[in-house]
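Inspection log for the structure reproduced underneath, given as structure tokens.
Side chains included, hydrogens not; waters and symmetry mates left out as well; all remaining heavy atoms used. Note that the structure is predicted; figures quoted are calculated from it, not measured.
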Amino acid sequence: MRLREDPDSVTALNPQLIGLVQFLRGRAKDTSARAQISQAAFFKLARSLGANITPDNLVQIAGQPPLSNLLEPVDPASGVIVFKD
């Protein structure tokens with residue numbers, strides 16, 4: 001039997017998505033850049049890694065551990081995703 005992630009599930013977070021957030025957060029620290037990324041750029045990067053993330057489920061996904069430990073609460077209207085320091 002093969003185990004696979006339900007693409008519609010936001011509770012089964014894609015490990016590549018977690019790695020992407022950790023990478024972007026670390027990169028911002030390393031370069032002394034603002035600790036944020038536009039939502040459009042984040043969606044593009046996440047989808048390229050196979051993560052099923054949409055504007056509709058972004059708030060829920062970002063509010064679940066471990067991403068809730070890495071990201072500030074997401075305001076969909078802001079257009080940005082802010083990393084925690």
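- In this structure, Arg47 places its CZ atom where more than 12 heavy-atom neighbours from other residues, nucleotides or ligands lie under 6.0 Å away.
- When all heavy atoms are compared, the tightest approach of Phe83 to Arg25 is CB-CG, 3.9 Å.
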Assess the residue pair Ile81 and Phe43 against the criterion (side chain to side chain contact (heavy atoms under 4.5 Å, CB included)); give the C-alpha distance rounded to whole Å, side-chain angles, the decisive distance to 0.1 Å, and a yes or no. CA-CA 10 Å; Ile81 294 173; Phe43 290 141; 5.6 Å; no

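- Residues Pro76 and Gln39 approach most closely at O-OE1, 3.5 Å, considering heavy atoms.
- Looking at Leu67 and Leu17, their side chains come closer than 4.5 Å, going by heavy atoms from C-beta outward.
- A single hydrophobic cluster is seen to contain both Leu58 and Leu45, as judged by linkage of ILVMFWY side chains at heavy-atom distances under 4.5 Å, directly or through other members.
- Both Ile37 and Leu70 sit in one connected hydrophobic cluster of ILVMFWY residues. Membership requires side-chain heavy atoms under 4.5 Å apart, directly or through other members.
- For Lys84 (side chain) and Ser68 (main-chain N/O), a donor-acceptor pair under 3.5 Å exists by modelled atom type.
- In Asp30, the CG atom is crowded: over 12 heavy atoms of neighbouring residues, nucleotides or ligands sit closer than 6.0 Å.
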Show your reasoning for whether side chain to side chain contact (heavy atoms under 4.5 Å, CB included) applies to Leu49 and Asn14. CA-CA 9 Å; Leu49 295 173; Asn14 184 320; 5.7 Å; no

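- A distance of 7.5 Å separates CG of Asp85 from CD of Glu72, quoted to the nearest 0.5 Å.
- Side-chain contact check for Gln22 versus Ile18: some heavy-atom pair is nearer than 4.5 Å.
- There is no path of hydrophobic side-chain contacts, each under 4.5 Å, that joins Val82 to Val59.
- The CG atom of Leu20 lies 4.5 Å from the CG atom of Leu24; values are rounded to the nearest 0.5 Å.
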